[in-house]
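I have placed the structure first, in the form of structure tokens, so that the comments after it can refer back to it.
Side chains included, hydrogens not; waters and symmetry mates left out as well; all remaining heavy atoms used. In each ligand, atom 1 is the first atom listed, and ligand 1 is the first ligand listed. All values derive from a computational prediction rather than experimental measurement.
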Amino acid sequence: MTVTIVSTGGTIASTENTGGDASPELSSSDLVAAVPTLEDIADIETSDFSNVPSAQFTVEQMGALVDHLHNLDSDPSVDGIVVTQGTDILEESSYFVDLCYDGATPVVFTGAMRNPSLPSPDGPANLLASVRATQAPQATGSVLVAFNDRIHAAREVTKTNSMNVDTFRSPEFGPLAVIEEDRVVWRRTPTGVDPSVVVNYEDLTSNIHAVTVTADMPPAQIEAAQESNGLCLAATGAGHIPPRIIPALEDIVEAGVPIVATTRCPEGRLARNSYEFEGSETTLQDLGCYYSDLNLQKTRIRTIVAIGADRFEALFERPTQSD
Ligand code: ASP
């Protein structure tokens with residue numbers, strides 16, 4: 001079995017020279033060389049895609065990464081793919097790939113919170129776990145995230161801790177599987193998997209605003225989205241907003257900018273028919289908001305992909321009170 005390690009940068013590929021200046025410098029073959037036991041479980045190939053902190057990874061690069069993964073998928077000698085990346089935006093890039101990649105070869109994203117110059121770096125164990133994850137039959141055709149011996153669906157996972165190695169979680173429903181010793185123990189298969197969409201990479205835009213609603217927030221935060229291609233809004237609770245931002249949202253609708261709403265709560269979804277006060281989910285529906293059941297950053301990725309694929313209506317529902 002051959003697994004290709006595609007390296008994009010991040011802490012897993014970083015070295016710290018004099019303290020406090022960790023930056024991505026290691027190649028994919030350096031990462032593999034640090035885990036000699038990898039060769040015992042698979043034939044390893046390497047591919048250097050980029051070497052950047054993930055906060056510098058662009059939407060354009062996400063599109064190019066999907067192309068790269070499709071090329072690897074079409075090579076019959078490749079049985080699994082592991083993408084190493086910085087953890088900061090990994091939940092966004094892995095979800096972008098999840099939406100756009102339609103290969104059968106499993107793709108597993110991973111990274112590290114502790115760079116290789118620190119005591120107990122977590123990159124080597126994460127790399128080993130990711131290669132094992134590609135070998136699970138349940139992984140076929142999936143885009144997964146393996147971290148700290150847990151395997152998550154790319155659609156569900158989020159980074160929950162800024163510094164701790166136990167950072168990736170799938171709120172509400174939990175991981176799909178765990179790694180115990182050399183075994184992948186699978187407990188859950190996601191339902192309602194997203195369809196793969198074909199994106200015209202020239203039509204990708206990052207001009208999508210993402211705003212978290214806060215108590216008594218200034219309407220200027222909404223007005224800033226007037227010139228955007230879409231506004232993603234994480235409303236409070238079950239879909240509630242301060243009335244003072246409603247006129248600004250009406251202007252956004254008037255300007256033809258789609259609004260995609262989600263909840264700012266880490267768990268749960270927007271209500272459809274529970275409240276009718278001014279600024280409730282009824283207001284969102286009257287405004288014609290689309291609904292998302294993802295967190296705000298993943299909602300933005302889905303919006304970018306929906307626009308790039310010209311599949312907005314297919315990728316988002318737009319409930320009304322009668323639904
Ligand atoms: N702290 C980040 C990481 O875990 C840096 C990055 O996302 O590139 O890799």
Side-chain angles (χ1 to χ4, degrees), residues 5-35 38 46-66 68-69 81-98 107-131 133 143-171 175 179 206 210 294-298 300-301 304:
I5 313 290
V6 179
S7 157
T8 71
T11 294
I12 192 169
S14 293
T15 50
E16 191 164 14
N17 299 324
T18 53
D21 62 348
S23 59
E25 278 167 13
L26 302 176
S27 67
S28 48
S29 35
D30 294 328
L31 302 188
V32 171
V35 198
L38 275 180
T46 58
S47 164
D48 294 315
F49 180 83
S50 63
N51 217 350
V52 293
S54 70
Q56 295 177 7
F57 207 73
T58 63
V59 166
E60 198 179 4
Q61 281 172 300
M62 292 180 200
L65 180 60
V66 174
H68 188 61
L69 298 175
I81 303 168
V82 173
V83 179
T84 61
Q85 187 163 48
T87 55
D88 291 348
I89 61 97
L90 190 151
E91 66 182 279
E92 287 158 85
S93 52
S94 61
Y95 185 51
F96 185 104
V97 170
D98 190 27
V107 176
V108 179
F109 278 73
T110 196
M113 293 298 284
R114 298 176 61 79
N115 76 60
S117 71
L118 296 172
S120 310
D122 53 333
N126 285 339
L127 198 53
L128 189 60
S130 300
V131 171
V143 180
L144 305 168
V145 173
F147 217 93
N148 204 32
D149 281 345
R150 296 191 186 103
I151 301 172
H152 302 267
R155 184 186 207 280
E156 299 174 355
V157 74
T158 188
K159 183 175 180 177
T160 63
N161 190 297
S162 59
M163 299 296 281
N164 198 287
V165 295
D166 189 15
T167 186
F168 281 99
R169 297 292 171 104
S170 297
I179 310 270
S206 59
L294 302 156
N295 69 21
L296 183 62
Q297 53 272 33
K298 286 181 196 280
R300 180 171 175 272
I301 290 295
I304 289 168

>> Within the 4.5 Å heavy-atom criterion, are Arg150 and Arg169 side-chain neighbours or not?
In response: yes
> Taking N or O atoms only and a 3.5 Å limit, does Asp88 qualify as a polar contact for ligand 1?
Replying inline: yes
>> Suppose I only count heavy atoms of Pro53 and a 4.0 Å limit; which atoms of ligand 1 are within that range?
In response: 8 (O)
>> Side chains of Thr87 and Met113, heavy atoms from C-beta outward: is any pair under 4.5 Å?
In response: yes
> Relative to ligand 1, is Ala112 under 4.0 angstrom through side chain, backbone, both or neither, heavy atoms considered?
Replying inline: backbone
> Hey, which atoms in ligand 1 end up nearer than 4.0 Å to a heavy atom of Thr11?
Replying inline: 1 (N), 2 (C), 3 (C), 4 (O), 5 (C), 9 (O)
> After noting the C-alpha distance and the side-chain angles of Glu25 and Thr15, does the key distance pass the side chain to side chain donor-acceptor pair (under 3.5 Å) rule?
Replying inline: CA-CA 6 Å; Glu25 278 167 13; Thr15 50; 2.7 Å; yes
>> Considering non-hydrogen atoms of the protein only, which is the closest contact for atom 4 (O) of ligand 1, and what is the distance?
In response: Thr87 OG1, 2.4 Å
>> So which atom in Leu31 and which in Leu127 form the shortest heavy-atom distance, rounded to 0.1 Å?
In response: O-CD2, 3.7 Å
> Is there side-chain contact between Val83 and Leu69, with at least one heavy-atom pair below 4.5 Å?
Replying inline: yes
>> Can you report which non-hydrogen protein atom sits closest to atom 8 (O) of ligand 1, along with the distance?
In response: Ser54 N, 2.7 Å
> With a cut-off of 4.0 Å, which atoms of ligand 1 are near a heavy atom of Gly10?
Replying inline: 8 (O), 9 (O)
> Looking only at heavy atoms, which two atoms of Ser130 and Ala146 are closest? And how far apart?
Replying inline: OG-CB, 3.5 Å
